[in-house]
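Each remark here refers to the structure printed beneath this line.
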Amino acid sequence: MHPYRTHTSGELRKSHVGDVVRLSGWVFRRRDHGHFLFIDLRDHYGITQIVFHPERPFFDQATHLRYESVITITGKVIAREPTTVNPNMPTGEIEVVVDELTVQSMAEPLPILVDGKEESPEDLRLKYRFLDLRRDKLHKNIVLRQQVISSLRRRMTESGFMEFQTPILTSSSPEGARDYLVPSRIHPGRFYALPQAPQQFKQLLMVAGFDRYFQIAPCFRDEDARADRSPGEFYQLDIEMSFVTQDDVFAAVEDVIGGLFQEFAKKKVDVTPFVRITYADSMLKYGNDKPDLRIPIEIRDVSQLFAASEFQAFKSAVAGGGVVRAIPVKGVADKPRSFFDKLVEFAQGIGSKGLAYLVWTPETVKGPLAKFLKPEQLEELKTQCGVGIGDAIFFVCDKKDAAAKLAGLIRVKIAKDLDLVEPDTFRFCWIVDFPMYEWDEENKCIAFSHNPFSMPQGGMEALMTKNPLEINAFQYDLVCNGVELSSGAIRNHIPEIMYKAFEVAGYGPEVVDRKFGGMINAFKLGAPPHGGIAPGVDRMVMLLADESNIREVIAFPMNQKAQDLMMNAPGEVSEKQLRELHIHIDPKVLAAQSLG
RNA sequence: GGAGUGGUAGCUCAAUUGGUUAGAGUACUAGCCUGUCACGCUAGGGGUUGCGGGUUCAAGUCCCGUCCAUUCCGCCA
């Protein structure tokens with residue numbers, strides 16, 4: 001007989017009755033009746049009830065087994081009496097009567113509970129992550145993650161993509177997020193950087209002629225955490241394809257991601273092809289570039305109407321280049337005054353000067369703005385915004401970008417407060433036609449708004465003739481339920497257009513040669529048109545597991561301050577290690593540490 | 001770097017207007033219990049109320065500072 005087990009704790013059924021079996025696992029629950037003892041033995045596969053009788057010499061030892069101790073038992077499978085069958089567990093028709101007991105590992109009292117639903121403080125959960133991972137929910141999340149990654153690999157391979165590995169120690173890239181740096185021992189004063197994404201490598205693989213690349217790629221960015229953004233590292237399904245248009249990339253991703261969600265989602269999933277929304281439209285209708293389409297509210301621009309109105313605050317704002325955005329909401333006319341007051345307060349809290357509104361009651365149109373608008377203007381608003389009796393419209397007025405953002409936040413706030421978010425659905429969309437450049441207010445210059453390697457729409461001619469701020473890029477995002485799942489682009493593979501694109505952003509050709517020398521040289525030696533995308537694996541698992549925090553789908557996440565509380569990272573290193581790396585710690589830092 | 005929320009037993013939480021010895025569940029220890037399945041029952045141990053200062057006859061409770069956690073903003077090509 002195997003020293004540890006003949007079966008797992010999830011597999012014994014009525015058909016095994018009479019068999020002598022050996023099981024190993026954790027003491028999950030314990031029910032001590034004095035004259036006999038039940039233990040629910042748990043392993044990865046399930047739970048089996050085992051029974052100890054007092055005449056056994058190890059009975060006393062068994063009654064003192066603490067929770068989460070690891071034991072091996074040998075015994076006979078017996079059928080339970082009909083009245084004691086537990087229909088809630090797959091193994092509930094049988095139990096194992098223990099003839100031999102080996103304690104493999106006695107557990108000390110636990111710092112967090114494995115059983116039960118109550119959540120412990122997150123710093124404790126992270127310190128004892130191996131215990132936390134035994135809890136049913138987290139255990140299932142990690143299993144789901146594995147299944148998702150496995151499915152992605154299969155789908156990509158079946159679609160003709162090849163999986164590659166790219167370097168983890170590479171060079172710092174000048175654009176983008178803060179890098180994680182690794183000091184070089186052999187080259188004093190020089191550093192490797194961990195890749196923020198394998199961006200240049202995957203493009204170089206296209207230049208190398210491999211045609212279709214993918215990788216479940218680790219990406220490292222030294223930026224502050226959010227609920228949906230784990231600090232340190234995260235994983236992308238990194239994709240790149242040669243000789244493709246934007247439509248080809250969309251079709252490939254819709255196959256893989258659409259199929260993945262169909263396979264794993266417990267909710268309704270949009271059918272492919274996914275809706276496409278231009279960046280400009282998205283900013284107007286939803287107030288951001290990652291719209292949650294489960295919310296049935298569309299923002300409207302009503303600047304012209306107010307320009308012709310008698311409401312001076314809006315009228316003069318529009319005359320000064322501002323805009324007025326309307327947020328129509330159905331069926332709130334009978335809400336109490338406090339509902340409207342709270343929204344005004346919310347709007348002010350996020351930086352709006354105010355929040356005007358109109359309410360259509362059966363008798364009249366109420367609200368602070370009503371007296372400034374003529375009946376025909378009210379009628380026009382009603383038509384433009386698609387409202388009727390019983391509905392309301394909220395208005396924000398500001399500069400274009402600010403108004404869009406405010407209206408977007410208010411749209412989401414209203415939807416959540418009124419429970420308007422469509423439940424149990426994954427709503428996908430593509431956001432397309434991102435601007436190539438944006439105005440950098442801080443440095444008073446034109447800057448790349450996304451990826452500097454994107455192909456500008458219109459190519460060289462657009463760069464030569466158009467206002468840079470009006471050039472769009474072949475740059476796109478995939479969005480699901482208000483979560484940015486993925487960002488990608490058709491790349492700029494033509495050196496002349498690359499130099500020109502950087503010139504517009506204020507960089508000379510020497511900068512391109514120095515910073516992106518590897519890639520620009522490659523493009524001079526025969527580069528195929530190519531493009532790609534990189535869906536976030538952690539975020540997809542998060543959506544599929546219905547978790548609001550990304551740490552719930554990562555086995556060993558860091559906390560918000562980018563510390564691993566279990567492994568004590570980042571940690572101190574020896575003087576010798578520092579010497580070898582030619583690194584001196586600032587004495588001020590050392591002094592502060594010794595005080596702390 | 002900024003803002004909000006929180007911090008009481010190993011864990012989850014309670015404690016009235018500032019007022020007696022800071023309680024309960026769970027875990028832990030000891031005991032009882034012949035069919036439980038979150039078993040039940042009895043008893044016991046377990047507290048610098050995050051830390052420091054202040055107001056007060058009296059502070060878990062009020063004030064100031066600070067630390068920690070978390071959420072958001074900044075940041076994330």
Side-chain angles (χ1 to χ4, degrees), chain A residues 28-42 47-55 63-64 66-68 78 80-89 91-92 95 97 107-128 131-132 172-179 195-197 199-200 219-232 234 349-351 405 409 434 436-438 440 442 447-454 473 475 477 484 487-489 491 501-502 505 515-516 534 536 548-551 559-561 563 565 596:
Chain A
F28 185 49
R29 292 189 181 119
R30 205 178 52 194
R31 293 175 292 281
D32 184 350
H33 287 253
H35 287 83
F36 53 88
L37 164 72
F38 297 113
I39 283 177
D40 286 344
L41 192 69
R42 185 197 74 239
I47 295 170
T48 300
Q49 173 165 288
I50 60 177
V51 192
F52 294 80
H53 288 295
E55 58 273 18
T63 61
H64 288 88
R66 277 192 292 262
Y67 287 116
E68 294 303 311
I78 64 165
R80 297 201 202 177
E81 295 293 324
T83 53
T84 63
V85 163
N86 185 343
N88 299 320
M89 43 200 291
T91 61
E95 62 195 6
V97 181
E108 293 177 9
L110 303 169
I112 62 174
L113 296 179
V114 173
D115 191 10
K117 293 178 185 70
E118 58 189 34
E119 292 274 296
S120 302
E122 197 161 16
D123 48 343
L124 263 189
R125 292 179 57 203
L126 291 173
K127 182 171 178 185
Y128 298 99
L131 282 180
D132 204 24
S172 176
S173 66
E175 297 281 330
R178 217 173 280 119
D179 284 314
Q196 297 183 20
Q199 182 65 36
Q200 294 188 59
C219 303
F220 304 90
R221 295 178 193 174
D222 185 4
E223 296 295 341
D224 289 337
R226 287 289 182 276
D228 64 352
R229 203 167 79 206
S230 188
F234 61 96
I350 56 174
K405 189 180 161 193
L409 290 170
F434 276 83
M436 183 82 186
Y437 301 101
E438 64 189 9
D440 181 343
E442 198 181 330
F448 289 109
S449 73
H450 259 71
N451 189 322
F453 307 136
S454 300
Q475 167 88 40
D477 280 1
E484 184 193 317
S487 204
R491 319 298 175 188
F502 274 85
K515 298 293 187 185
F516 307 106
S548 54
N549 192 305
I550 204 159
R551 290 186 293 272
N559 68 3
Q560 194 177 36
K561 289 199 173 157
Q563 295 167 303
L565 297 174

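Throughout, a chain's letter reflects where its sequence line sits, starting with A, and its residues are numbered from 1.
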Original post:
Between the side-chain atoms of A/Arg229 and the base atoms of B/C76, is any donor-acceptor pair under 3.5 Å?
Top reply: yes

Original post:
Which part of the nucleic acid, if any, lies within reach of A/Phe453 when heavy atoms closer than 4.0 Å are counted: base, sugar-phosphate only, or nothing?
Top reply: nothing

Subject >> Option from A/Ile39, A/Asp40, A/Thr84, A/Asn86 for which side-chain contact (heavy atoms from CB on, under 4.5 Å) with A/Gln49 holds >> reply: A/Asp40

Original post:
With A/Arg178, which residues qualify under salt bridge (charged side-chain N to carboxylate O under 4.0 Å, His left out), at least two apart?
Top reply: A/Glu223

Original post:
Between A/Phe52 and A/Phe38, does the ring centroid distance fall short of 6.0 Å?
Top reply: no

Subject >> Nearest-angstrom distance from the residue atom CG of A/Asp222 to P of B/C75 >> reply: 15 Å

Subject >> Value in whole Å for how far the C1' atom of B/A30 lies from CG of A/Asp32 >> reply: 12 Å

Subject >> Closest to the A/Arg66 side chain, choosing from B/C28, B/C37, B/G35 >> reply: B/C28

Original post:
Of all the nucleotides listed (B/G1, B/G35, B/U29), which has the minimum atom distance to the side chain of A/Asp224?
Top reply: B/G1

Subject >> Closest heavy-atom pair and its distance - A/Pro111, A/Leu124 >> reply: O-CD1, 4.1 Å

Original post:
With a non-hydrogen cut-off below 4.0 angstrom, is A/Thr84 in contact with a base, only sugar-phosphate, or nothing?
Top reply: base

**OP:** Using ring-ring contact (aromatic ring centres under 6.0 Å, His included) as the criterion, list what pairs up with A/Phe453, not counting sequence neighbours.
**Re:** A/Phe516

Subject >> Nearest non-hydrogen partners of A/Gln475 and A/Ser454, listed with the distance >> reply: OE1-OG, 2.7 Å

Original post:
Given B/A27, is OP1 or OP2 found less than 4.0 Å from the side-chain N or O atoms of A/Arg30?
Top reply: no

Original post:
Taking only residues two or more places apart in sequence or in another chain, which ones pass side-chain hydrogen bond (donor to acceptor under 3.5 Å, both in side chains) with A/Arg125?
Top reply: A/Glu119, A/Asp132, A/Glu552

Original post:
Is the shortest side-chain N/O distance from A/Arg31 to OP1 or OP2 of B/U36 below 4.0 Å?
Top reply: no

**OP:** Measure from CG on A/Asp115 to P on B/C39 and round the result to the nearest Å.
**Re:** 7 Å

**OP:** Send over the distance from A/Ile550 CD1 to B/C76 P, rounded to a whole Å.
**Re:** 18 Å

Subject >> Spacing of the P atoms in B/C68 and B/C76 (rounded, Å) >> reply: 25 Å

Subject >> Between A/Gln196 and A/Asp179, a side-chain donor and acceptor under 3.5 Å >> reply: yes

Subject >> A/Thr91 side chain vs A/Ile47 backbone, donor-acceptor pair below 3.5 Å >> reply: yes

**OP:** Compute whether any side-chain donor of one residue and acceptor of the other, for A/Arg229 and A/Gln560, lie under 3.5 angstrom apart.
**Re:** no

Which pairs, protein N/O on one side and nucleotides 4-10 of chain B N/O on the other, fall under 3.5 Å?
| from | atom 1 | to | atom 2 | distance (Å) |
| --- | --- | --- | --- | --- |
| B/G10 | O2' | A/Pro111 | O | 3.3 |

Subject >> d(CZ, A/Arg221; C1', B/C76) in whole Å >> reply: 7 Å

Original post:
When you compare B/G45 with B/A22, how far apart are their P atoms, in angstrom units rounded to a whole number?
Top reply: 14 Å

Original post:
Given the P atoms of B/U12 and B/U70, what is the spacing between them in whole Å?
Top reply: 14 Å

Original post:
How close do A/Tyr128 and A/Ile112 get, heavy atom to heavy atom, and via which atoms?
Top reply: O-CD1, 4.1 Å

Subject >> B/G1 to B/C57 separation - P atoms, rounded to the nearest Å >> reply: 41 Å

Subject >> Rounded distance in Å - CG (A/Leu131) to C1' (B/A27) >> reply: 13 Å

Original post:
What nucleotide, of B/C28, B/G35, B/C76, holds the atom closest to the side chain of A/Arg80?
Top reply: B/G35

Original post:
Could you state the NZ-P distance from A/Lys405 to B/C72, rounded to the nearest angstrom?
Top reply: 14 Å

Original post:
Heavy atoms under 4.0 Å, any strand shown: does A/Gln199 hit a base, just sugar-phosphate, or nothing?
Top reply: base

Give every pair of a protein N or O atom and an N or O atom of nucleotides 69-71 of chain B that lie under 3.5 Å apart, one pair per line with the distance.
| from | atom 1 | to | atom 2 | distance (Å) |
| --- | --- | --- | --- | --- |
| B/A69 | OP2 | A/Lys561 | NZ | 2.8 |
| B/U70 | OP1 | A/Gln560 | N | 3.4 |
| B/U70 | O3' | A/Arg551 | NH2 | 3.3 |
| B/U71 | OP1 | A/Asn549 | ND2 | 2.6 |
| B/U71 | OP1 | A/Arg551 | NH2 | 2.8 |
| B/U71 | OP2 | A/Gln560 | NE2 | 3.4 |

Subject >> B/U61 to B/G18 separation - P atoms, rounded to the nearest Å >> reply: 11 Å

**OP:** Using a 4.5 Å cut-off on heavy atoms from C-beta on, say whether the side chain of A/Ser449 contacts that of A/Tyr437.
**Re:** no

Original post:
Taking atom P in both B/A9 and B/A15, what distance in whole Å separates the two?
Top reply: 15 Å

**OP:** Round to a whole Å and report the spacing from OH of A/Tyr128 to C1' of B/A27.
**Re:** 14 Å

**OP:** Using the P atom as the reference point in each nucleotide, state the distance between B/U5 and B/C64 in Å, no decimals.
**Re:** 13 Å

**OP:** Compute both the distance and the angle, then confirm whether A/Arg30 meets the cation-pi test with A/Tyr67: under 6.0 Å from the six-membered ring centre, within 45 degrees of the axis.
**Re:** yes

**OP:** Could you tell me which non-hydrogen atom of A/Gly488 sits nearest to which non-hydrogen atom of A/Arg491, and how far apart they are?
**Re:** C-NH1, 4.4 Å

Original post:
Which dot-bracket notation, 5' to 3', represents the base pairing of RNA chain B when pairs are defined as Watson-Crick or G-U with both distances under 3.5 Å, crossing pairs as [ ], and inter-strand pairs as |?
Top reply: (((((((..((((.....[...)))).(((((.......))))).....(((((..]....))))))))))))....

Original post:
May A/His33 be described as stacking on the base of B/C39, applying a 5.5 Å centroid limit and a 30° limit on plane angle?
Top reply: yes

Original post:
What integer number of Å spans the C1' atoms of B/C39 and B/U26?
Top reply: 15 Å

**OP:** Could you check A/Arg178 against A/Val85 and say which one's nearest nucleotide on RNA chain B is further toward the 5' end?
**Re:** A/Val85

Subject >> Position toward the 5' end of RNA chain B (nearest nucleotide), A/Glu223 or A/Gly34 >> reply: A/Gly34

